[in-house]
Each structure stands twice: as structure tokens, then as C-alpha cells.
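Here's the structure we're looking at; comments come further down.
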Amino acid sequence: MKRWVKMIRLIGGLCLVTLLGIAYVSYLCHNSLCLAPERSNLSSRYSIISSSSSSRSEILSSPTSMVKLIGGFPSKVNIESVAFEDAYDMGFDITSRDVIVFLHIQKTGGTTFGRHLVRDLNLENPCNCPRKRKRCDCFRPNTVNEQWLFSRYSTGWKCGLHADWTELTDCVEGALDEYEGSSRKRRYFFITVLRDPIHRYLSEFRHVQRGATWKSARHWCGGQEFTSLPHCYKGSNWTGVELDEFMNCSYNLAHNRQTRMLADLTLAGCYTGYNTTADQLERDRILLQSAKQNLASMAYFGLTEEQATSQYIFERTFHLDFANPFDQANATLSAQAIAELTPAQIERVRQLNSLDNELLEFARHLLQERFKMLKRRDPHFRRNWFRVIHPHNCLDIFNQDKKLTEF
């Protein structure tokens with residue numbers, strides 16, 4: 001009898017130790033201190049995703065260790081995303097189920113680009129932009145509520161203020177279903193604009209210095225809204241902040257903003273433990289790899305510093321022309337702002353945006369690849385390019401081309 005009692009006590013002790021061990025590990029994982037098993041491919045979150053773009057081969061061949069989860073937030077995205085080459089080959093069908101989704105990153109020139117989309121595209125049925133109203137109605141032909149453009153100036157911030165890739169892919173389908181009053185599957189053409197990280201960062205600093213906060217941003221990720229992210233300031237805003245103070249806030253979302261907004265944040269534990277020392281190198285590696293892949297998967301992206309090239313790529317990809325050209329903004333103000341900084345401050349800004357710097361280099365190479373491909377395939381490249389860079393003199397080049405053809 002005593003033997004059975006001892007055995008029962010032993011088994012009970014082992015069970016207690018096991019339960020305590022499980023509870024301890026669960027606590028660590030909840031605080032983003034453990035890594036979940038590897039996933040074989042970043043794109044496994046999609047039910048349908050185009051992967052025809054050859055420019056993605058470098059990314060997709062990377063080791064699977066790049067896609068580890070930190071404090072995993074599993075989610076499933078059931079939308080059809082159209083890649084660049086598919087967009088070029090199939091075109092954008094404004095009369096069917098195609099939707100352009102503009103991922104607007106702060107201080108990249110997105111406001112100007114967004115206005116181009118609603119006001120300057122040559123369409124049979126252009127967007128209706130009533131006076132004294134910020135938003136336009138960009139409805140499909142012969143419909144009264146079906147939007148072909150999901151952006152600030154058409155639908156408004158339906159997925160949250162400056163919604164990022166994680167928010168948009170999780171939200172856009174449901175938001176349009178609610179807006180249009182019916183459920184349907186659509187093809188999504190994601191687009192964005194990037195900017196030189198130092199210039200973008202300083203522009204955001206100046207904007208915040210004037211009182212901007214973006215406090216109403218949702219930061220939706222992994223099925224929940226992260227409303228308790230710490231602020232870098234006390235009070236209602238950060239008006240008058242100096243650059244050194246702005247840079248010294250470790251949880252300032254301005255740091256590497258472009259990488260964070262293009263990455264799948266669920267792969268790195270969303271905002272749990274954001275910018276803490278635990279696993280920071282691993283988190284950075286995952287976010288940068290994800291941002292590169294998502295950028296390469298997009299139907300279109302432009303660069304603020306390459307306006308003419310960006311316009312040409314958009315027009316040839318979507319087979320749509322702009323009535324007014326993209327203006328190359330004068331870089332004098334940015335150069336003047338940088339000139340006022342000390343070498344130490346410039347280096348600090350560069351370090352704080354090291355991921356964005358690497359992302360921009362990737363984007364520059366990819367942009368040139370796309371431009372060269374479109375140029376090779378464009379039988380009227382000279383005319384189309386001249387119209388972009390000299391819009392008011394395009395008739396002359398058209399007449400020259402016509403004479404050469406007749407000859």
C-alpha cells in the first residue's frame with residue numbers, strides 16, 4: 001500500500017513540475033522572448049498571391065530562418081494581390097473587380113501622388129471631386145458605389161490613418177464590402193511611394209515639431225489594435241521638439257518607418273516588445289526581409305527622387321496616362337536642413353534608419369529593372385518618355401515619329 005502511495009505522489013509531483021514548466025514558457029513567449037517554429041515561406045499567409053515577378057527570386061531563395069516568428073501573431077489574409085509583371089501583362093480593368101490600393105507612408109510625397117491619382121488620370125469616367133470636399137468619388141463606370149481606388153482621397157482612411165501593409169491586407173476587403181454594401185472577391189493592385197530615408201526622417205521631424213502626432217493611427221496587427229504604444233512626449237503633442245530629443249526616443253515610430261510599414265508585422269510579434277533589446281537584431285532582419293518581399297510583390301512603387309521614371313512605370317504598368325506630369329520637387333529645402341546638422345547628427349539619423357537605407361537601395365535597383373523591362377517592351381518608348389519629361393512639347397515628337405513611320 002505504501003508503495004502505491006509513493007508512486008502516486010511521484011506521478012503527481014512530475015505533473016506539477018510539467019505544468020509549472022508550461023506556464024513559465026508561456027509567460028516568456030507572451031513577452032516576446034521565445035521564437036516559434038520556422039515557416040517555410042513568407043507568402044504562406046496568402047491564400048492567393050502572384051509570384052511571377054522575376055525580381056523576387058533573390059528574396060524567395062533566402063534561408064527559412066529569415067521568417068521566424070517572435071511572439072507569434074498568426075493571421076490569414078484571403079485576398080488576391082497582383083504583382084508587377086501580371087499587372088503589366090493583364091492590365092488594370094477598371095470596369096471589373098480590380099482595385100488600386102495606395103499604401104501612403106508619411107512624408108514621402110504621398111499627398112501629391114494621391115491627388116494625381118484622383119485628379120489627373122485620363123479616364124473615360126474620371127473621379128468626381130466636388131469643391132470644398134476632401135474626398136473624390138472614384139466609381140467604376142455605370143456604378144454608383146463601386147470604388148476602383150482605395151486611398152485617402154477616395155475612400156478616406158477606412159483601414160486607419162496611414163494604414164501600413166499589415167493593416168491594409170487584413171482590412172481592405174472587409175472595408176470595401178462594408179462601403180459597397182455587398183461581399184465580393186476583388187483583385188488588389190498595391191502601390192506605394194518611397195523616399196530617401198534621411199530626407200524623409202527630417203521631414204517627419206519638422207512635421208512633428210510643428211504639432212503633428214498621428215495619434216489616431218490604429219496600429220492593427222494580428223487581430224488586435226495596439227492602442228497602448230508609448231508616446232515620446234507628454235501632453236497633446238511634441239511641438240517644438242529638438243532633433244536630438246526626437247532621435248533619442250527609442251520607441252519613436254519615425255525610425256525605419258518605411259521598412260516597418262511595408263513589412264508583415266505579424267512575423268515579428270507585431271508591436272509586442274517593439275524596439276526593445278530582446279531579439280532586436282532578429283526582429284530587424286525579419287522586418288527588412290519581409291519589407292523587400294512585399295515591395296517586390298507590389299504592382300507598382302515609385303521613388304520621390306525619381307519622379308519621371310516613376311510616372312513612366314505607372315503609366316506603362318497600368319496602361320493609364322496622367323494629364324499632368326509628376327513634378328520633381330526641389331531638393332533645396334532638404335539639402336538646407338541637412339546642411340544645418342552636425343556630422344554626428346547626420347550619422348545618427350543614418351544609423352536610426354539603417355533598415356530604410358538598405359530598403360531604398362533594394363528599391364532603386366528594382367525600379368531600374370522595371371524601367372528597363374518596360375522600355376524594351378515599349379515600341380513607342382521615345383514618344384512616351386518624351387511626353388513624360390516634356391509634356392508641353394509632346395506634339396512635336398509625335399509628329400516626328402509619324403513622319404518617320406510614313407517614310
Starting at CD1 of I100, measure out to CG of L121 and round the result to the nearest 0.5 Å. 7.0 Å

Side chains of D98 and S96 only: does a donor on one sit below 3.5 Å from an acceptor on the other? no

Quick check: are there more than 12 heavy atoms from other residues, nucleotides or ligands sitting under 6.0 Å from CZ of R218? yes

Flag the pair D284 and R260 as a salt bridge only when some basic side-chain nitrogen lies within less than 4.0 angstrom of an acidic carboxylate oxygen. no

Test log, rule salt bridge (charged side-chain N to carboxylate O under 4.0 Å, His left out), inputs K375 and E369: CA-CA 10 Å; K375 179 180 178 181; E369 283 182 18; over 6 Å; no

Once you round to the nearest 0.5 Å, how far does OG1 of T317 lie from CE of M298? 13.5 Å

Determine whether the side chains of D264 and N294 contain a donor N or O and an acceptor N or O closer than 3.5 Å. no

List the steps and the verdict of disulfide (SG to SG under 2.5 Å) for C136 and C127. CA-CA 6 Å; C136 304; C127 298; over 6 Å; no

With heavy-atom distances below 4.5 Å as the criterion, would you say the side chains of I105 and L262 are in contact? yes

Salt bridge or not between R377 and D89? Use side-chain N to carboxylate O under 4.0 Å. yes

Verdict with reasoning, W165 to V101, per side chain to side chain contact (heavy atoms under 4.5 Å, CB included): CA-CA 10 Å; W165 188 93; V101 182; over 6 Å; no

Report the C-alpha separation of L360 and L303 in whole Å, then their side-chain angles, then the decisive distance to 0.1 Å, and conclude whether the side chain to side chain contact (heavy atoms under 4.5 Å, CB included) test is met. CA-CA 9 Å; L360 185 71; L303 296 182; 3.9 Å; yes

Has E178 got more than 12 heavy atoms of other residues, nucleotides or ligands less than 6.0 Å from its CD? no

Using ring centroids (six-membered ring only for Trp), state whether W214 and H219 fall under 6.0 Å. no

Out of N122, L320, V388, which one pairs with E315 under the side chain to side chain contact (heavy atoms under 4.5 Å, CB included) rule? V388

Salt bridge (Lys or Arg N to Asp or Glu O under 4.0 Å) partner of E146, the single match among R184, R97, R186: R184

Over all atoms of both residues, closest heavy-atom pair of P325 and P391: CG-CG, 3.5 Å

For the pair R364 and E305, find out whether any cationic side-chain nitrogen is under 4.0 Å from an anionic carboxylate oxygen. no

Can the ring centres of F189 and W148 be said to be less than 6.0 Å apart? no

Classify the side-chain pair N353/N256 by whether it contains a donor and acceptor separated by less than 3.5 Å. no

Do F150 and F102 have their ring centres less than 6.0 Å from each other? no

Please find out if less than 6.0 Å separates the ring center of H255 from that of Y201. yes

Could you point out which residue of D170, D164, T166 forms a side chain to side chain donor-acceptor pair (under 3.5 Å) with W220? D170

Non-hydrogen atoms of R135 and P130 that approach each other most closely: O-CD, 4.0 Å

Intermediate values then yes/no, side chain to side chain contact (heavy atoms under 4.5 Å, CB included), Q147 and R140: CA-CA 6 Å; Q147 294 275 2; R140 302 185 194 281; over 6 Å; no

List the steps, then state whether side chain to side chain contact (heavy atoms under 4.5 Å, CB included) holds for R370 with F301. CA-CA 10 Å; R370 294 185 175 186; F301 71 89; 3.6 Å; yes

May I ask you to decide if the ring planes of F113 and F314 are parallel, tilted or perpendicular, using 30° and 60° as cut-offs? perpendicular

Carefully, step by step, assess Q307 and D327 under the rule side-chain hydrogen bond (donor to acceptor under 3.5 Å, both in side chains). CA-CA 7 Å; Q307 292 289 331; D327 291 327; over 6 Å; no

Just say parallel, tilted or perpendicular for the rings of Y300 and F318, cut-offs at 30° and 60°. perpendicular

Is the number of heavy atoms from other residues, nucleotides or ligands under 6.0 Å of K215 NZ greater than 12? yes

Would you give the length of the straight line joining atom CG of L359 to atom CD of Q289, rounded to the nearest 0.5 angstrom? 11.0 Å

Between the side chains of D321 and R387, is the shortest nitrogen-to-carboxylate-oxygen separation below 4.0 Å, so that they form an ion pair? yes

Report yes if some heavy atom in the side chain of V82 is under 4.5 Å from a heavy atom in the side chain of M90; otherwise report no. yes

About how many Å separate CG of L352 and CG of N357, when rounded to the nearest 0.5 Å? 10.5 Å

Output for pair (R195 CZ, Q258 CD), nearest 0.5 Å, gives 9.0 Å

Mind checking whether F190 and Y188 have parallel, tilted or perpendicular rings, split at 30° and 60°? tilted

Indicate, with yes or no, if the rings of H116 and F326 have centres closer together than 6.0 Å. yes

Working to the nearest 0.5 angstrom, can you tell me the gap between D356 CG and T259 OG1? 4.0 Å

Could you tell me whether the side chain of L341 reaches within less than 4.5 Å of the side chain of L243, counting heavy atoms only? yes

Taking CD in E124 as the centre, count heavy atoms belonging to other residues, nucleotides or ligands within less than 6.0 Å. Is the count above 12? no

Close side-chain approach of T309 and L367, heavy atoms under 4.5 Å: yes

Could you go through the salt bridge (charged side-chain N to carboxylate O under 4.0 Å, His left out) check for K185 and E80 one step at a time? CA-CA 8 Å; K185 288 295 180 183; E80 183 178 353; over 6 Å; no

